[in-house]
Protein chains: 2
Amino acid sequence: MTFITRNQHKAQGQRNPGVSPKTIERLSVYRRTLANLPASTPFIYSHELAAMCGSSAAQVRRDLMVIGTAGCPSRGYAVAELIELIDKRFAGISSHAVALVGAGTLGRSLIAYLQRRYHRLSIAAVFDKDPDLTSRVVYGIRCYPMGELRRVVEEQSISIAVIALPDASAQEVAEQLTAAGITGILNFAPVSLRVPSGTCVVDIDIAAALDKLAFFARTGRDQYLREVMDESRDKHGH
Amino acid sequence: MTFITRNQHKAQGQRNPGVSPKTIERLSVYRRTLANLPASTPFIYSHELAAMCGSSAAQVRRDLMVIGTAGCPSRGYAVAELIELIDKRFAGISSHAVALVGAGTLGRSLIAYLQRRYHRLSIAAVFDKDPDLTSRVVYGIRCYPMGELRRVVEEQSISIAVIALPDASAQEVAEQLTAAGITGILNFAPVSLRVPSGTCVVDIDIAAALDKLAFFARTGRDQYLREVMDESRDKHGH
DNA sequence: TAAGCCATGTGAAATGGTTCACAGAAGAGC
DNA sequence: GCTCTTCTGTGAACCATTTCACATGGCTTA
């Protein structure tokens with residue numbers, strides 16, 4: 001994947017506290033982790049949350065600063081309050097409706113995945129150009145033909161879209177989406193979308209993610225072998 | 001998504017030319033883009049490749065430095081040579097076989113997606129704990145029960161795995177994978193995997209990606225965001 | 001009330017990554 | 001051959017993000 005998000009944060013003069021994209025991602029993870037906590041855990045320390053999220057205590061505290069922090073030195077952070085503060089920082093998100101373009105294998109699995117696992121943003125409509133699929137209901141969501149995109153997006157105030165399509169048509173679809181008023185696109189197609197300024201694109205490039213993994217896994221194994229051969233005495237836990 | 005990548009390339013003190021993960025991802029994108037070029041384009045300039053990949057000319061040149069650059073000032077880069085150099089940098093990747101754990105909706109769509117679109121790494125085996133699926137063939141790939149994981153991984157020298165599962169079992173599966181000798185995991189489950197040092201994990205967190213998108217798409221409507229999230233400016237003309 | 005502990009919040013330093021800017025090279029036109 | 005143009009390759013500057021380190025302050029125990 002790639003996660004080529006290109007946002008150049010310049011001029012954070014005084015407008016907006018300038019939250020970094022990385023921090024936003026982690027806040028999302030923190031929130032999910034916190035929400036899964038048993039009720040028997042009303043408080044949590046930064047190092048505990050860090051361990052659960054694969055982060056570091058300092059990182060967690062730094063991230064939490066942007067939501068107006070609320071930790072108490074001896075108890076840690078109040079879980080419920082944290083969730084609430086994160087939600088407040090994300091305020092408005094819950095009102096976003098999502099459109100999915102592409103009801104193929106990937107599209108359908110995304111519907112299933114998000115319906116099960118994600119409750120703040122929901123898929124409001126599915127679009128596909130295959131006439132066999134349109135005007136049917138896929139996993140409980142109505143599938144429209146592409147021609148109705150603009151109408152449905154406007155009627156339902158949809159602001160973000162997921163592109164789950166083979167490359168060829170992704171750019172064309174992105175243009176239709178932005179023309180219909182979409183301001184955010186989650187793109188699974190392995191192409192770089194050109195969109196008007198003001199529209200945000202997040203790419204998930206599975207092939208690139210695999211390449212990256214293969215590259216580092218290889219060197220990782222070399223490193224492992226090197227360590228094993230060098231000395232077999234000292235095991236480092238971490 | 002998130003792309004919380006936790007690959008501990010700590011201590012790359014002086015070993016390994018120290019290529020950054022971001023550069024590796026982009027090289028993967030460059031290679032794919034180059035491979036799709038028509039034969040009528042034997043040479044390409046850094047700014048052309050940048051425009052195609054949503055990057056900048058300086059970034060492209062900087063990235064290409066790590067593969068031992070080969071550009072000619074007046075012609076640009078020889079496409080075929082570039083591909084070859086990138087492959088050399090990724091040397092060994094082509095020998096990686098991939099295991100997929102989870103033959104549910106997401107798993108199956110990944111098989112289809114990768115079979116169609118990706119030719120350097122291929123899925124060698126699928127594993128699932130559902131007895132209805134195992135010992136069947138899914139999209140042309142044999143599906144084994146979890147119990148055979150270790151044997152198959154060893155027999156086929158599989159070194160990287162994809163986890164396409166609901167959260168609950170992901171950690172457990174990660175442990176089985178690393179025990180079987182896997183050194184790289186592409187994780188779609190929204191949990192933070194704990195793996196032994198030397199194993200590389202790349203997370204694709206679709207829910208976090210959507211959150212990030214929603215956050216920036218929302219603010220994207222503001223004047224401020226226009227500047228911050230700019231996508232297509234910066235890709236200059238020249 | 002005082003002392004000890006431990007975790008927070010946050011400047012400041014370190015690290016990682018991107019962009020700038022320019023020297024140098026190679027073709028094009030004259 | 002000389003000059004003009006335009007590109008590459010790369011040191012240096014710049015910016016973003018992470019980590020360090022410590023002052024601060026609440027809680028507990030006595």
Side-chain angles (χ1 to χ4, degrees), chain A residues 2-13 16-27 43-51 53-79 81-82 85 212, chain B residues 2-14 16-27 30 43-51 53-79 81-82 85 212 227-230 233-238:
Chain A
T2 299
F3 229 16
I4 304 172
T5 310
R6 252 159 340 254
N7 34 18
Q8 52 262 76
H9 277 232
K10 55 182 189 182
Q12 42 193 11
N16 202 317
V19 193
S20 86
K22 299 265 192 80
T23 293
I24 293 299
E25 272 176 37
R26 282 189 302 259
L27 283 176
F43 289 92
I44 191 168
Y45 293 121
S46 60
H47 62 86
E48 293 173 322
L49 186 53
C53 299
S55 186
S56 74
Q59 182 76 79
V60 167
R61 293 201 304 274
R62 182 66 72 182
D63 288 335
L64 293 184
M65 278 180 68
V66 317
I67 59 167
T69 189
C72 150
S74 49
R75 240 185 288 280
Y77 300 86
V79 172
E81 193 183 348
L82 265 196
L85 282 170
K212 177 165 117 179
Chain B
T2 294
F3 231 20
I4 301 171
T5 309
R6 224 164 16 255
N7 34 19
Q8 40 268 71
H9 23 110
K10 46 172 182 199
Q12 40 191 343
Q14 54 261 72
N16 202 323
V19 193
S20 87
K22 298 268 192 78
T23 293
I24 293 299
E25 272 175 39
R26 282 188 301 259
L27 283 176
Y30 299 157
F43 289 91
I44 190 168
Y45 293 120
S46 61
H47 63 84
E48 293 173 321
L49 186 53
C53 298
S55 185
S56 73
Q59 183 77 78
V60 167
R61 294 201 302 274
R62 180 66 69 184
D63 288 335
L64 293 184
M65 278 179 67
V66 316
I67 60 167
T69 189
C72 150
S74 48
R75 239 184 292 278
Y77 300 86
V79 172
E81 192 183 348
L82 263 197
L85 282 170
K212 176 166 120 180
E227 291 168 17
V228 164
M229 287 311 284
D230 187 346
R233 203 158 42 79
D234 154 62
K235 326 192 150 168
H236 42 217
H238 232 336

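To find a chain, count down the sequence lines: A is the first, B the second, and so on, and within it residues start at 1. What you see is a predicted model; the values in this text were computed from it and never measured.
- Distance A:M65 CE to C:dT10 P: 4 Å, rounded to the nearest Å.
- Judged by distance alone, the side chain of A:Y45 and the main-chain N or O of A:S74 form a donor-acceptor pair under 3.5 Å.
- Within residues 67-74 of chain B, the residues approached by DNA chain D to less than 4.0 Å at the level of any non-hydrogen atom are B:T69, B:A70, B:G71, B:C72, B:P73, in residue-number order.
- Here the CZ-SG distance, from B:F43 to B:C72, works out to 7.0 Å after rounding to the nearest 0.5 Å.
- Here the straight-line distance linking atom CD of B:Q59 with atom CZ of B:R62 works out to 9.0 Å at 0.5 Å rounding.
- Between the C1' atom of D:dG26 and the OH atom of A:Y77 lies a distance of 14 Å, rounded to the nearest Å.
- Nucleotide D:dT8 holds its C1' atom 14 Å from the CG atom of B:L49, rounded to whole Å.
- Considering only side-chain N and O atoms, B:R75 lies under 4.0 angstrom from the phosphate OP1 or OP2 of C:dG27.
- The shortest heavy-atom contact between A:A57 and A:A50 is N-CB, 3.6 Å.
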- [ ] Starting at the 5' end of nucleotides 18-23 of chain D, put B wherever the base has a protein heavy atom under 4.0 Å, S where only the sugar-phosphate does, and a dash everywhere else.
- [x] SB-B--
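- Scanning all heavy atoms of the two residues, the minimum distance from A:L64 to A:L27 falls at CD2-CD2, 4.1 Å.
- Residue A:D63 holds its CG atom at 7.0 Å from OG of A:S20, rounded to the nearest 0.5 Å.
- Side-chain contact between B:L85 and B:T69 is absent, with no heavy atoms from C-beta onward closer than 4.5 Å.
- The closest side-chain heavy-atom distance from B:Y77 to B:R61 is below 4.5 Å.
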TODO: Test A:I24 against A:V66 for side-chain contact (heavy atoms from CB on, under 4.5 Å), laying out the working first.
DONE: CA-CA 10 Å; A:I24 293 299; A:V66 317; 6.0 Å; no
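- Bending across the helix from C:dT1-D:dA30 to C:dC30-D:dG1, expressed as the angle between its end axes from five pairs apiece, amounts to 10° (10° rounding).
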